[in-house]
Amino acid sequence: MIGCGYLGAVHAAALASLGHDVIGVDSDGDKIALLETGAAPFFEPGLEPLLVQGLASGRLRFRRRLEEAAAAEVHFVTVGTPQRPDGSADLSAVEAVVAGLAGVIRTGALVVGKSTVPVGTAARLADVIVAAGGRLAWNPEFLREGLAVQDSLHPDRLVYGLAEGDASSEEVLDAVYAEVLREGMPKVVTDLATAELVKVSANAFLATKISFINAMAEIAEATGADVTQLADAIGVDARIGRRFLGAGVGFGGGCLPKDIRGFVARAEELGTGRSVAFLREIDAINLRRRERVVELARESLGGSLAGRRIAALGLAFKPDSDDVRDSPALAVAGMLADAGARVVAHDPAAVDTARLRRPDLDYTRDLGQALVGAEAVVVLTEWGSYRELDPTEAGSVVAGRRLVDARNCLDREAWAAAGWEVRSPGRPARLPLVARAG
Ligand code: UGA
């Protein structure tokens with residue numbers, strides 16, 4: 001497994017638990033040192049027990065140099081493809097790994113790409129591997145952060161992209177995934193380009209679904225309608241489905257934002273930019289939602305943020321993760337601070353990763369401390385510990401019972417009943433029930 005980030009570390013541990021001999025390779029010595037002790041370099045529920053079990057069985061090892069994995073029959077490429085300033089994908093890590101593998105692999109070895117790449121990349125890399133006596137296939141990954149272990153061990157589909165005339169790689173991949181295939185999930189065997197496109201179009205579709213409901217939130221805000229009830233009502237239709245219709249502060253993370261931008265850049269290169277031009281609008285709707293949440297906080301504080309004490313609850317791009325890459329939560333906490341608010345930011349897992357990106361913000365790991373004296377509370381990530389907050393108890397320590405539920409994840413009736421003024425994207429304000437009664 002070449003590359004031990006979110007994707008590679010989880011996949012390495014998962015394949016070892018399925019009975020394979022796995023060597024995880026990463027040039028980052030600190031990461032390898034951690035993994036060798038069974039510690040995960042990032043927050044991912046269930047990963048550490050799987051690492052510990054793999055290391056103890058002797059089937060899982062971690063190494064720094066590619067050469068140490070030269071004898072493998074199958075090499076997975078799981079390095080990152082970050083976004084370049086112009087939106088396109090930076091393929092330098094993938095290209096370096098493939099060039100490195102070409103110098104060390106055994107004749108007949110199978111190289112399997114898992115990284116998310118622009119369509120057309122695999123065919124180009126296949127030439128390099130074939131010239132070195134190997135074969136190349138593309139096997140995109142659909143795991144979600146926070147659920148990565150479960151998704152790796154029980155994926156909902158397997159996609160194999162094979163080069164033209166490659167009659168043997170399917171069998172090798174079937175042997176790798178034998179345990180998983182026994183569960184009977186769909187397997188799609190296709191060409192390299194389709195496999196690359198399956199990955200990026202799946203993420204583009206998910207991003208579109210989220211931005212669609214967030215666009216409806218904008219309409220709801222202009223008309224007094226309620227986007228959550230709207231999502232419930234349209235989501236009942238099985239053709240639409242309720243999942244990924246959660247309106248709020250929008251999507252973030254290391255995948256959806258980067259992948260839609262990379263898709264647009266690649267389509268433009270191919271002369272088909274118009275086909276995915278709508279993804280620019282998807283991106284724009286998504287980014288507008290961050291501004292809307294800042295506006296809701298400003299409104300709730302009577303029009304000005306300057307000098308006001310705000311508890312920002314959540315920094316990770318989603319719960320059960322410490323990932324703050326392109327996180328709407330961290331972005332909003334930063335925007336509030338930039339507008340002059342005195343922000344105290346809390347997250348159960350992502351304080352350290354957030355601090356690296358925004359060292360200037362005030363952070364706390366103590367939820368109570370974030371709430372004490374706050375004039376407004378803004379919930380930015382739907383962690384369970386926020387959903388479980390008792391509105392009466394929280395109300396007794398804040399300086400003002402003003403809540404912005406940027407994820408539409410709290411029981412707004414219960415908060416209003418405890419005297420809070422609740423604002424949320426796409427929904428009419430909920431005034432305190434006590435005030436309404438009075
Ligand atoms: C996403 C895909 O869901 C995975 O299938 C894919 O493998 C992965 O990218 C990848 O390319 O590696 P992930 O980035 O872990 O997974 O996160 P998601 O669960 O898709 O959530 C993405 C963002 O959308 C989060 O910020 C989340 O809060 C937001 N979201 C999700 C909403 O705003 N509303 C929703 O209804 C659902």
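We count ligands from 1, going down the list as the structure has it; atoms in each ligand are counted the same way. This structure is a prediction, so every number in the text was calculated from the model and none was measured.
Taking 4.5 Å as the limit, every side-chain heavy atom of Leu315 sits out of range of all side-chain heavy atoms of Ser327. Counting only heavy atoms from C-beta outward, the side chains of Leu313 and Leu380 never approach each other to under 4.5 Å. Side-chain contact between Pro425 and Asn214: absent, with no pair of heavy atoms (C-beta onward) separated by less than 4.5 Å.
Residue Arg430 is tested with Leu403, Val422, Asp405 for a side chain to side chain contact (heavy atoms under 4.5 Å, CB included); the sole match is Val422. Each of Arg280, Arg261, Arg274 was compared with Glu268 under the salt bridge (charged side-chain N to carboxylate O under 4.0 Å, His left out) criterion, and only Arg280 meets it. With Ile23 as the fixed residue, the side chain to side chain contact (heavy atoms under 4.5 Å, CB included) test singles out one of Arg59, Met1, Arg61: Arg61.
What sits closest to atom 12 (O) of ligand 1 on the protein, heavy atoms only, is Cys255 SG, 3.0 Å. Given atom 26 (O) of ligand 1, the protein heavy atom at minimum distance is Phe317 O, 2.8 Å. Summary of contacts: the protein heavy atom closest to atom 20 (O) of ligand 1 is Phe244 CZ, 3.4 Å. Nearest protein heavy-atom neighbour of atom 2 (C) of ligand 1: Asn203 OD1, 3.5 Å. Given atom 34 (N) of ligand 1, the protein heavy atom at minimum distance is Gly246 O, 3.0 Å.
In this structure, of Thr116, Leu143, Asn408, the residue bringing a heavy atom nearest to atom 7 (O) of ligand 1 is Leu143. Of the candidates Lys318, Arg243, Arg144, Lys199, Lys318 brings a heavy atom nearest to atom 18 (P) of ligand 1.
The heavy-atom pair separating Pro328 from Gly250 by the smallest distance is CG-O, 3.3 Å.
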Just do the side chain to side chain donor-acceptor pair (under 3.5 Å) check on Thr81 and Lys258 with the steps written out, would you?
-> CA-CA 9 Å; Thr81 52; Lys258 156 180 98 81; 3.0 Å; yes

Can you check side chain to side chain donor-acceptor pair (under 3.5 Å) on Ser321 and Asp323, steps first, answer last?
-> CA-CA 5 Å; Ser321 170; Asp323 197 347; 4.9 Å; no

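No salt bridge links Glu375 with Arg401; every basic N to acidic carboxylate O contact stays at or beyond 4.0 Å. Between Asp127 and Arg135, none of the side-chain N atoms (NZ, or NE/NH1/NH2) sits under 4.0 Å from a carboxylate O, so this pair counts as no salt bridge.
Between Ile210 and ligand 1, a contact under 3.5 Å exists for no N or O pair. By the 3.5 Å distance cut-off applied to N or O atoms, Gly252 is counted among the residues near ligand 1. Between Phe142 and ligand 1, a contact under 3.5 Å exists for at least one N or O pair. Between Pro328 and ligand 1, no pair of N/O atoms sits closer than 3.5 Å.
If you number the atoms of ligand 1 from 1 as listed, the ones under 4.0 Å from a heavy atom of Glu141 come out as 7 (O). For ligand 1, the atoms sitting less than 4.0 Å from at least one non-hydrogen atom of Gly250 are 33 (O), numbered in the order shown with element in parentheses. Ligand-side atoms of ligand 1 in range of Arg407: 28 (O), 33 (O), range being under 4.0 angstrom from any heavy atom. Atom numbering of ligand 1 starts at 1 in the shown order; those under 4.0 Å from a heavy atom of Leu256 are 1 (C), 9 (O), 22 (C). Interface of Leu206 with ligand 1, defined as ligand atoms under 4.0 Å from a residue heavy atom, comprises 3 (O). Per-residue contacts place Phe251 under 4.0 angstrom from the following atoms of ligand 1 (heavy atoms of the residue considered): 23 (C), 24 (O), 26 (O), 29 (C). Atom numbering of ligand 1 starts at 1 in the shown order; those under 4.0 Å from a heavy atom of Leu245 are 36 (O). Of all atoms in ligand 1, numbered sequentially from 1 with element shown, those under 4.0 Å from a heavy atom of Glu145 are 15 (O).
The aromatic rings of Tyr160 and Tyr177 lie parallel to each other, their planes meeting at an angle below 30°, with 60° marking the opposite boundary.
Ligand 1 lies out of reach of Gly253, whose nearest heavy atom is not under 4.0 Å from it.
The proximity of Lys209 to ligand 1, defined as any non-hydrogen pair under 4.0 Å, does not occur for either the backbone or the side chain.
Note that Arg157 lies in the cation-pi zone of Phe142, set by a 6.0 Å cut-off to the ring centre and a 45° limit from the axis.
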